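Here is how names work: the chains are called A, B, and so on, in the same order as the sequence lines, proteins then strands, and each is numbered from 1. Keep in mind that what you see is a predicted model, and the values were worked out from it rather than measured.
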Amino acid sequence: MTSPNETNEPSRRAVLKAGVAGLGATMVPFGAFEALGAEPAQAAGPVTAPPAAASRGGIGAALKRVEGPLKVRGAATYAFEWPVEKPAYLYPLLSTIASGRVTSVDTRAALAEPGVLGVLTHLNAPRLAWADEPEVALLQSDRVAYHGQIVGAVIADGIETARYAAGLVKLEYAAEPVDVDLRTDRDDLRKPQHAQGFGQLPGDLMNGAPADTSAGDFAAGLASAVHRVDATYTTPVQHHNPMEPHAAVATWTDDEITLYCGSQGVSTPQELLTRAFGLEAGRLRLISPYVGGAFGSKDFSALWGTLALMGARLVPGRPVKLSFTRQQMFTLVGHRPAAIQRVRLGADARGRLVAISHDAVQETAKAKQYAEQTVQASRSMYAAPNRRTSTRIALLDVPIPTIMRGPGEATGMFALESAMDELAEKMGLDPIELRLLNEPQTHPETGQPFSSRHLKQCFEEGARRFGWKNRARKPRTRRKDGWLIGTGVAAATYPSPRLPGSTAFARVDRDGRYTVRIAAADIGTGTWTTLAQIAAEALGVPQNRVTLQIGDSSYPRASSGGFSSGMNSWGTTVYEAARALHAAVDEHGGKVPPEGIEVTVGMPDDPRLRQYEFGSYGAQFAEVRVHEDTGEIRVPRLLGVFDVGRVINPVTARSQLLGGMTWGLSMTLHEETALDHRYGHFVNNDFGGYHIAANADVGSIEVHFLDVRDPHINPMGSKGAGEIGIIGTAAAIANGAYNATGVRVRDLPLTLDKFL
Amino acid sequence: MKPFAYQRAKDVESAVTTVAARPEASFLGGGTNLVDLMKMEVLKPELLVDVRHLVSRTIEPAHGGGLLIGAGMSNNELAADRRIRRRYPMLSQALLSGASYQLRNLATVGGNFLQRTRCPYFRDVTMPCNKREPGTGCAARDGVQRDLAVLGADASCVATHPSDMAVAMAALDAVLHTVGPSGERTIPVNELYRSPAEGPQRDTVLERGELITAVELPAAPVAAHSRYRKVRDRASYAFALVSVAAALEVRHGSVTQVRLALGGVAHKPWRATTAERALVGRPATEAGFRAAAEAELAAARPLAGNAFKVPLARNTIVSMLRDLTEGA
């Protein structure tokens, strides 16, 4: 194994070759991109980030990301950029029907095209040894379950050749009727079995929770209420659209099978693919040091991993490179499912809730039952003796939905927190006052204590900073230069789970240098920096003496990054490894022998943790302007105050929350993937059609933390910060738009036509 | 993308002759729209004839006090020109509201008129589309309708024209200068675009091989008091849901001159002649503006998914005329 201090900086030569050849000088705006940090290509060694600048580092230090300079120089190796000898390029071929079968395949014209090396279809694709996971099982039958499903691929010497030849493959289909309509009056809605179906977790929903819950007598509670709200909210299909497309480079030789693959984790996809291809354990190595945005869409990296590996099998001796186009990403890497949510609230004369219900009907794919926890937040947010939640799904001919930033709560809290605003409005109560009146002392369903819950402080701090007391209580009373002005508020919450199954390696050398190794992944959030900070604190040494190694499946196994679980799971494991290393050094009488000391330990299971509810909290404030003539909506100001426990790194944590709030703004104002109900395809599948907030849409965004340690959750005292930024933003903006206009919009996105 | 040949033409005549003789050939200007459509195989030219270096990139005075704009100018160059900004501000504003800075640096003035529709069904080769493949039908009409036309459409095609610049050019009565196989001619912008009823597969009256070499802006003192307002689904980088180019002269409380054109509502930049006639000689009041806008939009035939464009266009027209009156 090569020295851990080597960095991987492959040559950048090939990256920009695939331009638009031959269109003359007018087509080349970017002059020469030559020699950007060009360094000799090398085989995959340990994946190591440069050490932090000489500082003590540790938890709480405001460090910039250690890999920042590499990224700015273009020297951080993203999946597609790994230098391999004489790569072949794979271009996927997608179905043009939403349901049915492939009845004939004619690859002659494609194979006759110079430079084409092979065509994969269900007829010649390798039979997988294990194909129970639909997102892995590509090309195993003639069945088409959604529009834009992979039905083949062309492999060629050049990327443009592969793409052109893909259009020459002639497929015929026997199409079946298309059913993509999400409605609450469907007679085939069913209780989901997401997690059970895939043996992941014991419950009905993606997070392992039950689909339905109840306590007390909801109907009687609602009947006894003095004030009631009964409203239905809808949220559309949305897409992640990370900047880096989903890419993989596969090499398959007798000696090694390596997959460079942008991924939210390296262990789980490595295990899935090992099983799918029937490989010996450890034969396949998955490497993912840098990820250009994922947001949930790179959690099941097995899908493009499968395709790249199949390609590499088809052209022995040639590494195969694959990168989806933006349009392909709309069907191949998941989406946030559309949902229809009904929320009913009943309150007594003072505003104390006596009944809460939250019923969600959401879309999923016939190809795979993905069922997210849309109603989860309503189970813990407010006290009320009588309550119920339910989740039903419609199985449709749509691409497979997946986790997407704040899965469940991002849409669920739009509904609940809009309904709370409606109740406050009805009662003439301040919306913050209403929320604080209903703050629970313990979890309303389980009765367990919250390990830490500082929502009240978030509201108080936010109200003070935002100037909440100056707001006009009555809607449509403030205007300036043709714009109606309003303000809105909403609460935020997201669980802080710890995922099982992580292990870390720690080593100390004789010279007092430390190495910490764990198969975690940095999905752009700062893990290279923050996990090293945790390691330094756990080891009790300055950070510049610690080398962190992550992003490689040959390292000790780790859970994937998602669910706001990364630091909690990996950090706790690293802490445990540090503790074990210190104990081992003590056993050596405090002396490190010449060969150094090494330990490898798993994450501890602490049964005491089951006594508490763990979650992050926040209060989101929005100033909203709506144009009186055109209905155009702008959000000049957002302010969020968050309780994410102890802050590991205020720089990267702020980035996470700022990004979440910005996305919350974007999902509120713009984001909607339009589905054609006749053909079952996503219509606006590019950046011209799928609108993401542009700079001009984003005004001032302020992020504040309480920075209060959670006493129980983990040795760091930190809670999740990944999802919480996007939770509640939509409701705060919609509530602000109501305050501005007197128009209550219950359907995302808040487009201008809804205010005309 | 289908493989293609590339040729840098020697002069306008040979470029015109080459493209006129070969139905699979296409002129290449900035390429910002053509190359995208080639990647998606919506367009599959076998030969690109590069003409950008052949057409003028300057602005000259035209006789009668107008300006003659070289068709090879970039959108940003035209928007930044002091004469344009002073004498035809709506044109500069329209240009700057379109695309991105980078695209505007590449995109030519001539090419801007010839942008193809952004209708998603036109851009998806697996969908029926009469504009892309005559006779296959229109998938958009009963599909996702938000961006579709409310004026001048036809059962065969409900696509909108995406240009902002052309909306201002229509309001300003601009005239194209062209060279074609049958020689030189001029075509008013308001006569450039064909109605879908004449066959949606051909957007314009230009003949095969006919090249736009310049655009003439006639003198129009009223245009010095003009604006372009683009209403869209985000604050930047989006095509217009509705846009309005308006110039107004008010004397003693009455409208004496007006220019009004709409974007985002039809297969072409929509010159609002009905509204103009209803405005001239009448009091410059909000009620008058509203009546004129409604007269223009009486012909609208919206679909369920784009019906909001009618009140949006009305409100935007009224708001623009009110602002121009107040700023008079």
| query | Which atoms of Asp686(A) come close to chain B, meaning under 4.5 Å heavy atom to heavy atom: side chain ones, backbone ones, both, or neither? | reply | side chain
Given a strict heavy-atom distance threshold of 4.5 Å, which part of [X] is in contact with chain A: side chain, backbone, both, or neither?
{"X": "Asp233(B)", "answer": "both"}
{"X": "Ala313(B)", "answer": "neither"}
{"X": "Asp142(B)", "answer": "both"}
{"X": "Arg232(B)", "answer": "backbone"}

Evaluate the side-chain proximity of [Y] to [X]: yes if any heavy-atom separation is below 4.5 Å, no if none is.
{"X": "Leu312(B)", "Y": "Thr630(A)", "result": "yes"}
{"X": "Asn684(A)", "Y": "Arg146(B)", "result": "no"}
{"X": "Asp676(A)", "Y": "Met127(B)", "result": "no"}
{"X": "Lys309(B)", "Y": "Asp753(A)", "result": "no"}
{"X": "Tyr679(A)", "Y": "Thr126(B)", "result": "no"}

| Among Glu632(A), Arg163(A), His627(A), Glu628(A), residue most engaged with chain B (heavy-atom pairs, under 4.5 Å) |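 Most heavy-atom pairs under 4.5 Å with chain B: Glu632(A).
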| Arg322(B) bridged to Asp629(A) by N-O distance under 4.0 Å | yes
